[in-house]
Q: 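Sharing a structure, written as structure tokens. Questions coming.
Side chains are part of it too, since the values below use all heavy atoms of this structure and drop only hydrogens, waters and symmetry mates. Every chain is numbered from 1 and lettered A, B, ... according to where its sequence line falls, protein lines coming before strand lines.
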2 protein chains.
Amino acid sequence: METPVTVATATTTETLALTIQQVAQQTGLSIDTLRYYERIGLLESVGRNSGGHRRYTAHDLDWIKLLLRLRDTGMPRAQMVRFAQLRRQGDATLTERRLMLEDHQRALEQRLEQLHQHMAALQQKIARLKAREAEHG
Amino acid sequence: METPVTVATATTTETLALTIQQVAQQTGLSIDTLRYYERIGLLESVGRNSGGHRRYTAHDLDWIKLLLRLRDTGMPRAQMVRFAQLRRQGDATLTERRLMLEDHQRALEQRLEQLHQHMAALQQKIARLKAREAEHG
DNA sequence: ATAAAACCTGGAGTTCACTCCAGGTCAAGG
DNA sequence: CCTTGACCTGGAGTGAACTCCAGGTTTTAT
């Protein structure tokens with residue numbers, strides 16, 4: 001009645017069941033953060049073993065990795081929660097999810113442009129400082 | 001005994017003295033945020049008129065604009081405070097300031113690369129969703 | 001002169017994104 | 001069996017970056 005998996009060695013079934021510690025190591029998130037994400041609805045429905053301990057599937061891991069990308073590219077938390085909800089609803093929401101990602105992609109493109117502008121301005125600023133250094137002695 | 005400047009029209013002197021409201025409009029920061037930046041040392045030494053009201057110079061405005069760039073490109077607050085301090089110390093710190101900016105520039109370059117990778121991954125994810133949409137009907 | 005608008009200071013409140021803690025329960029090795 | 005380490009829940013605490021008062025002064029337009 002318990003998945004007989006010890007430390008990431010899926011012996012019998014193919015549905016590997018990682019402990020929270022293992023997921024923390026693989027994602028770079030802390031254990032507390034993983035639990036926190038679950039609390040706020042970014043990561044619902046993580047399964048438990050008979051003792052109530054979390055067991056993460058490969059599917060969970062995939063989702064976490066996408067989540068991190070979205071977070072790192074500045075997607076607002078509310079949107080990520082929304083996306084998580086859609087994902088739980090299955091294939092019927094495929095299109096809506098794609099549209100969300102495309103929106104986000106456009107936002108990211110704008111952000112990239114802005115950052116490139118900042119980069120150019122920094123370059124100029126550095127050049128001007130250099131000039132002043134030279135004439136200053 | 002008071003600069004006779006009304007609404008950005010520097011009549012006599014060339015040292016224009018903007019009110020906090022005018023600076024807020026020109027920078028997009030809120031009045032509260034401008035005062036907050038002063039409190040935490042990002043924006044020290046803003047002059048006051050005889051009544052104690054802030055009067056911003058063109059120099060202040062330039063600094064705020066650089067500050068916003070640094071903030072928008074993710075420079076840590078402590079570094080920005082440090083940079084502000086150096087700036088106040090005058091030309092002797094020109095080289096140190098340039099080195100700071102060059103460091104920051106390298107950090108920004110890495111960030112840009114990372115974002116480009118995220119962008120590529122997003123693209124792939126979108127493509128995969130599209131494929132699933134298609135086969136789903 | 002005076003009312004309304006803008007400004008001041010000091011400090012409290014908010015949101016976000018975690019992080020830590022207390023007081024237990026569960027799992028694995030000897 | 002027993003100890004030690006990993007995990008659990010619910011809730012409190014943290015730090016960054018603002019944002020919003022309260023209560024009082026200054027500026028500006030009429």
Side-chain angles (χ1 to χ4, degrees), chain A residues 1-9 11 17-56 60 64 67-84, chain B residues 1-9 11 17-56 60 64 67-84:
Chain A
M1 285 86 178
E2 239 298 15
T3 31
V5 175
T6 314
V7 187
T9 315
T11 45
L18 298 161
T19 68
I20 195 166
Q21 198 181 36
Q22 294 170 328
V23 174
Q25 279 169 0
Q26 288 189 36
T27 59
L29 291 174
S30 76
I31 288 176
D32 270 315
T33 301
L34 281 166
R35 289 198 277 245
Y36 164 71
Y37 279 2
E38 209 173 319
R39 262 195 274 198
I40 66 172
L42 283 183
L43 202 57
E44 213 178 11
S45 76
V46 174
R48 311 295 158 112
N49 70 1
S50 55
H53 288 195
R54 288 171 179 77
R55 287 301 118 105
Y56 294 81
D60 290 332
I64 292 168
L67 203 58
L68 290 183
R69 254 185 227 296
L70 297 179
R71 186 195 66 171
D72 268 23
T73 49
M75 181 181 279
R77 159 236 192 95
Q79 261 178 60
M80 293 197 292
V81 171
R82 172 90 185 120
F83 197 91
Chain B
M1 283 85 177
E2 238 297 18
T3 31
V5 175
T6 315
V7 187
T9 315
T11 44
L18 298 161
T19 67
I20 195 167
Q21 197 180 34
Q22 294 171 328
V23 173
Q25 280 169 359
Q26 288 189 35
T27 60
L29 291 173
S30 76
I31 288 175
D32 271 313
T33 300
L34 282 167
R35 288 198 279 244
Y36 165 71
Y37 279 3
E38 210 173 319
R39 261 194 275 197
I40 65 172
L42 284 182
L43 201 59
E44 212 179 14
S45 77
V46 174
R48 309 297 157 113
N49 71 0
S50 54
H53 288 195
R54 288 170 179 76
R55 287 300 118 106
Y56 293 81
D60 291 331
I64 292 168
L67 202 57
L68 290 183
R69 254 185 227 295
L70 297 178
R71 187 196 65 173
D72 268 23
T73 50
M75 180 181 279
R77 161 236 192 90
Q79 261 178 59
M80 292 197 292
V81 171
R82 171 90 184 121
F83 196 93

Q: Within this structure, what is the CD1-to-P distance between B:Ile31 and D:dC18, rounded to whole angstrom?
A: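 In whole Å, D:dC18 P lies 15 Å from B:Ile31 CD1.
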
Q: What pair of heavy atoms forms the shortest contact from B:Ile31 to B:Ala24, and how long is it?
A: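 Result for this residue pair: CG1-CB, 3.9 Å.
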
Q: Less than 3.5 Å between a donor and an acceptor, one on the side chain of B:Arg39 and one on the base of C:dG11, is that the case here?
A: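 Yes.
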
Q: Please state how far atom CD in A:Glu38 lies from atom C1' in C:dA17, giving the value in whole angstrom units.
A: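 It works out to 17 Å between those atoms.
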
Q: Hey, which sits more toward the 5' end of DNA chain D by its nearest nucleotide, B:Met80 or B:Gly52?
A: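 Nearer the 5' end of the strand: B:Met80.
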
Q: Specify the separation, in whole Å, of atom CG of B:Asp32 and atom C1' of C:dT14.
A: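 So the CG-C1' distance, B:Asp32 to C:dT14, works out to 13 Å.
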
Q: If the cut-off is 4.0 Å, is A:Thr19 near the phosphate of D:dA6, judged by side-chain N/O to OP1 or OP2?
A: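 No.
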
Q: Using a 4.0 Å heavy-atom cut-off, does A:Ile40 contact any base of the nucleic acid, only the sugar-phosphate backbone, or nothing at all?
A: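 Contact class for A:Ile40: none.
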
Q: When you measure from the side-chain N and O atoms of B:Arg54 to the phosphate of C:dC8, is any distance below 4.0 Å, counting only OP1 and OP2?
A: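 The answer is yes; a side-chain N or O of B:Arg54 sits under 4.0 Å from OP1 or OP2.
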
Q: With a 4.0 Å cut-off, would you call A:Arg48 and A:Glu38 a salt bridge?
A: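 Here A:Arg48 pairs with A:Glu38 in a salt bridge, since their nearest N and O are under 4.0 Å apart.
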
Q: Is there a donor and acceptor pair closer than 3.5 Å between the side chain of B:Arg35 and the base of C:dG10?
A: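 Donor-acceptor pair under 3.5 Å: no.
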
Q: For residues A:Val23 and A:Leu34, report the shortest heavy-atom separation together with the two atoms involved.
A: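 Scanning both residues, the minimum pair turns out to be CG1-CD1, 3.7 Å.
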
Q: Given atom CD of A:Gln22 and atom P of D:dA6, what is their separation to the nearest angstrom?
A: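 Going from CD in A:Gln22 over to P in D:dA6 covers 12 Å.
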
Q: Is the phosphate of D:dA16, meaning OP1 or OP2, less than 4.0 Å from a side-chain N or O of B:Tyr36?
A: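 For D:dA16, OP1/OP2 do not have a side-chain N/O of B:Tyr36 under 4.0 Å.
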
Q: Kindly say if A:Ser50 contacts the phosphate of C:dC26, meaning a side-chain N or O under 4.0 Å from OP1 or OP2.
A: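 Looking at the OP1 and OP2 atoms of C:dC26, neither is under 4.0 Å from any side-chain N or O of A:Ser50.
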
Q: Search all heavy atoms of B:Arg55 against all heavy atoms of B:Val46 and return the closest pair with its distance.
A: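 Scanning both residues completely, I find the closest heavy atoms to be O-CG1, 4.0 Å.
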
Q: Mapping B:Ile20 and A:Leu29 to their closest nucleotides on DNA chain C, which lands nearer the 5' end?
A: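 Its nucleotide being nearer the 5' end, the pick is B:Ile20.
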
Q: What is the separation between atom CD on B:Gln25 and atom C1' on C:dA6, rounded to the nearest whole Å?
A: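 One finds 12 Å between C1' of C:dA6 and CD of B:Gln25, rounded.
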
Q: Measure from CG on B:Asn49 to P on D:dT26 and round the result to the nearest Å.
A: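 Between P of D:dT26 and CG of B:Asn49: 10 Å.
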
Q: Can you give me the closest heavy-atom contact between A:Met80 and A:Leu67, atom names plus distance?
A: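 Nearest pair, atom of A:Met80 first, then A:Leu67: SD-O, 4.0 Å.
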
Q: Does C:dC18 have its OP1 or OP2 closer than 4.0 Å to a side-chain nitrogen or oxygen of A:Ser30?
A: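 The answer is no; no side-chain N or O of A:Ser30 sits under 4.0 Å from OP1 or OP2.
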
Q: Between C:dC18, C:dA6, D:dC8, which nucleotide has the shortest distance from any of its atoms to the side chain of B:His53?
A: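 Between C:dC18, C:dA6, D:dC8, the one nearest the side chain of B:His53 would be C:dA6.
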
Q: Can you tell me the distance, in whole Å, between the CZ atom of B:Arg48 and the P atom of D:dT26?
A: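 Rounding to the nearest Å, CZ of B:Arg48 and P of D:dT26 are 14 Å apart.
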
Q: Report yes if the side chains of B:His53 and B:Ile20 come closer than 4.5 Å at any heavy-atom pair, otherwise no.
A: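 No. Closest side-chain heavy atoms not under 4.5 Å.
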
Q: Examine C:dC18: is either OP1 or OP2 under 4.0 Å from a nitrogen or oxygen in the side chain of A:Arg71? Give yes or no.
A: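 Answer is yes, contact under 4.0 Å.
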
Q: OP1 or OP2 of C:dT19 sitting under 4.0 Å from any side-chain N/O of A:Thr33?
A: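 Yes, within the criterion.
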
Q: Rounding to a whole Å, what distance do you find between B:Met75:CE and D:dA16:P?
A: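 Answer to the nearest Å: 16 Å.
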
